[in-house]
Amino acid sequence: MDRIKFGAAIGARGELIASQGKGQTVELKAQDIVVYGDCNPEEYPLQPKKQTLEYLREIAHLRFRTNTFAAVFRVRHALAFAIHQFFNDRGFFYIHSPIITGSDAEGAGEMFRVTTLPFDGPPRNEAGEIDFKEDFFGRSTNLTVSGQLEAELAALALSEVYTFGPTFRAENSNTTRHLAEFWMIEPEVAFADLQDNMQLAEDMLQYVIKYALKHCAEDLALLEERLIEEEKSKPQDQRSEMALTEKLHFVTGNEFVRLTYTEAIDILRNSNPNKKGKFQYKIEGWGADLQSEHERYLVEKHFKKPVILTNYPAAIKAFYMRQDEPREDVPGPTVSAMDILFPGIGEIVGGSQREERYDRLVQRMAEMHIPEEEMQWFLDTRRFGSCPHAGFGLGFERLVLFVTGMSNIRDVIPFPRFPGSAEF
RNA sequence: GCCUCAGUAGCUCAGUUGGUUAGAGCGGCGGACUGUUAAUCCGUAGGUCAAAGGUUCAAGUCCUUUCUGAGGCGCCA
């Protein structure tokens, strides 16, 4: 008995009987107990008490053993499984897009270089530049920032596809919702337009959240309890209006609000915080990108539910998004983009109908200085049997963040990678 | 990358306008008790106050730099 300390691994054999204790129905009346692994409590970093998430993050190799993280990772599993099930039920094919990519023209952010060249004295060409022809792949390569372009290639053959894999961004991002290595789901659908795209995203989000509510009830209850405890120490006005499961039911039971960027600007321009100068960035006119504070206002104050914003100004969006027909009531050119904004998380989905018209796409690439010669393989989809299609990217960890009610994205992935940290 | 806040025992924290030997709870160890659920009671050990430098008769407390962590912003999913 002396060896059974907190954290020890034991095996017990005995009779399962009705329990007299509170909060449990059965208990094991042990006949014999084996200690498999001792655990010295003086050295063991975990203790049977509340410990901060920041501290547990520093011992991420042991934090699986806490109730909170065990619950988080079971929910994470359920969500991943539900995503595959959702797409499979709808006839989508799971495509494995490459993790090492030769493309660096996607413009989705800074990339991590993949190389086997030596750092001291790499081979150089006649101009004195590093000669990547000598590198492992015979060219410069990076870790992928998105599987979208490859998914488009597959969609134009298999019609309905999705990717679900690791994604890497070398941005120096220090926030509660960014990681350098994260998992992204990217469906891509042929013959779909922006409306279809929005519907697919909303259906998917509601499906997987319902799945979690149904299959992770105990874990969500534990996480909800944790949140309620945590909020007791916060001032009244910072507490959330809904408990976790109530919030999830609300999202699955209500349609997302859909509005255009232009409509959103009108709402924001006439909003109280804008008139009273409460926004750090005042909304002056049409064309500027929305700041976090603006998105939060729309989602958390104005509509109080998930919001899908569409038809952003072309100037602030990616080259591959489909150009809209000009409209008299819209001040400038727009594209068929959509961002889904969730309370507390911000952007959880970013997508668009794709520009399927070869000439328009090439023209746009030229405007944005995307080297055409490196993108021939992508342009081939538009040269040979192009068709309307649409897709989006869902940040998996942001979804897990929302469903578990955790507040830092570093706590919903087992071993988070972020600037200055790649431990374990 | 920018801004703000924080770093005191294994963990969670208190430490007043700078002023004698730096405190508590939990955890550990020793004992008592026990159908317990974060058990309880008694006793006990445990600290280079993140690091370096400075101001001062005197620094956990003030200043500078560095490191680490958190939050906000930007980049985005």
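Nothing here was measured: the structure is a model prediction, and the numbers come from that model.
The aromatic ring of A:F396 does not sit over the base of B:A77; the criterion of centres under 5.5 Å apart with planes under 30° is not met.
For the C1' atoms, the distance linking B:G25 with B:U17 amounts to 29 Å, nearest Å. With P as the reference atom, B:A32 and B:G69 are 45 Å apart, rounded to whole Å. Comparing B:A52 with B:A14, their P atoms are spaced 24 Å from each other, to the whole Å. A distance of about 27 Å separates the P atoms of B:U21 and B:A6, rounded to the whole Å. Comparing B:A22 with B:A58, their C1' atoms are spaced 16 Å from each other, to the whole Å. To the nearest whole angstrom, the two C1' atoms, one in B:G47 and one in B:C11, are 14 Å apart. Nucleotides B:G27 and B:U44, compared at atom C1', are 14 Å apart to the nearest Å. Separating the C1' atom of B:U20 from that of B:G72 is a span of 43 Å, rounded to the nearest Å.
Closest to the side chain of A:I409, out of B:A70, B:A77, B:C29, is B:A77. Of all nucleotides listed (B:C73, B:A77, B:A70), B:A70 comes nearest to the side chain of A:R410. Comparing B:G69, B:G27, B:A77 by their closest approach to the side chain of A:R57 singles out B:G69.
In this structure, CG in A:D266 is found 8.0 Å from OG1 in A:T260, a value given to the nearest 0.5 Å.
Residue pairs meeting the salt bridge (Lys or Arg N to Asp or Glu O under 4.0 Å) criterion with at least one member in residues 310-319 of chain A, sequence neighbours excluded: A:K317-A:D339.
Checked against a 6.0 Å centroid threshold, the rings of A:F182 and A:F396 do not count as neighbours. With ring centers used as reference points, A:Y94 lies 6.0 Å or more from A:F87.
Ion pairing between a basic and an acidic side chain is recognised when a charged N comes within 4.0 Å of a carboxylate O; A:R322 and A:D193 show no such pairing. Ion pairing between a basic and an acidic side chain is recognised when a charged N comes within 4.0 Å of a carboxylate O; A:E218 and A:R74 show no such pairing.
When all heavy atoms are compared, the tightest approach of A:R398 to A:E347 is NH1-O, 2.6 Å.
Looking at heavy-atom distances under 4.0 Å, A:L179 makes contact with a base. When heavy atoms are screened at a 4.0 angstrom cut-off, A:Q291 is found touching the sugar-phosphate backbone but no base atom. Among the protein residues, A:N408 comes within range of the sugar-phosphate backbone only, with heavy atoms under 4.0 Å from sugar or phosphate atoms but none that close to a base.
Of the side-chain N and O atoms in A:S292, none sit less than 4.0 angstrom from OP1 or OP2 of B:G72. Listed pair A:T176 / B:G72 meets the phosphate criterion, a side-chain N or O lying under 4.0 Å from OP1 or OP2. Of the side-chain N and O atoms in A:R177, one or more sit less than 4.0 angstrom from OP1 or OP2 of B:C73.
Partner A:S336 forms a side chain to side chain contact (heavy atoms under 4.5 Å, CB included) with one of A:L194, A:T310, A:N197 and no other, that one being A:L194. Here the options are A:R410, A:H178, A:R177, A:R76, the test is side-chain hydrogen bond (donor to acceptor under 3.5 Å, both in side chains), and the partner is A:E397; only A:R76 passes. Each of A:E263, A:M338, A:E202 was checked for a side chain to side chain contact (heavy atoms under 4.5 Å, CB included) with A:R258, and the lone residue meeting it is A:E202.
Straight-line distance from the CG atom of A:N174 to the C1' atom of B:A6: 16 Å, rounded to whole Å. As rounded to whole Å, 14 Å separates atom C1' of B:C76 from atom CG of A:L290. Rounded to a whole Å, the CG atom of A:N172 is 15 Å from the C1' atom of B:G72. Atom CG of A:L53 is separated from atom C1' of B:G69 by 13 Å (rounded to the nearest Å). Distance A:I340 CD1 to B:C76 P: 18 Å, rounded to the nearest Å. Distance A:E43 CD to B:G27 P: 19 Å, rounded to the nearest Å. Between A:I83 atom CD1 and B:A77 atom C1' there is a gap of 12 Å when expressed in whole angstrom units. Atom OH in A:Y281 sits roughly 11 Å away from atom C1' in B:C3 (whole-Å rounding).
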For RNA chain B, the expected dot-bracket line (Watson-Crick or G-U under 3.5 Å, [ ] crossing, | inter-strand) is (((((((..((((.....[...)))).(((((.......))))).....(((((..]....))))))))))))....
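Inter-residue side-chain proximity for A:F86 and A:D203 is flagged as met; some heavy-atom pair is nearer than 4.5 Å.
Comparing A:D339 and A:S421 along RNA chain B, the residue whose closest nucleotide (by nearest heavy atom) sits nearer the 5' end is A:S421. With the nearest nucleotide of RNA chain B identified for both A:E58 and A:K317, A:E58 has the one nearer the 5' end.
The side-chain tip of A:K304 does not point at the ring of A:F250 from less than 6.0 angstrom away and within 45° of straight on.
For A:S173 and B:C76, a side-chain-to-base donor-acceptor distance below 3.5 Å is absent, hydrogens and geometry of angles not being considered.
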All N/O contacts under 3.5 Å from nucleotides 10-12 of chain B to the protein, with atom names and distances to one decimal?
{"unit_1": "B:G10", "atom_1": "N2", "unit_2": "A:Q47", "atom_2": "OE1", "d": "2.6"}
{"unit_1": "B:G10", "atom_1": "N2", "unit_2": "A:Q47", "atom_2": "NE2", "d": "3.1"}
{"unit_1": "B:G10", "atom_1": "N3", "unit_2": "A:Q47", "atom_2": "NE2", "d": "3.0"}
{"unit_1": "B:C11", "atom_1": "O2", "unit_2": "A:K49", "atom_2": "NZ", "d": "2.6"}
{"unit_1": "B:U12", "atom_1": "OP1", "unit_2": "A:T52", "atom_2": "OG1", "d": "3.0"}

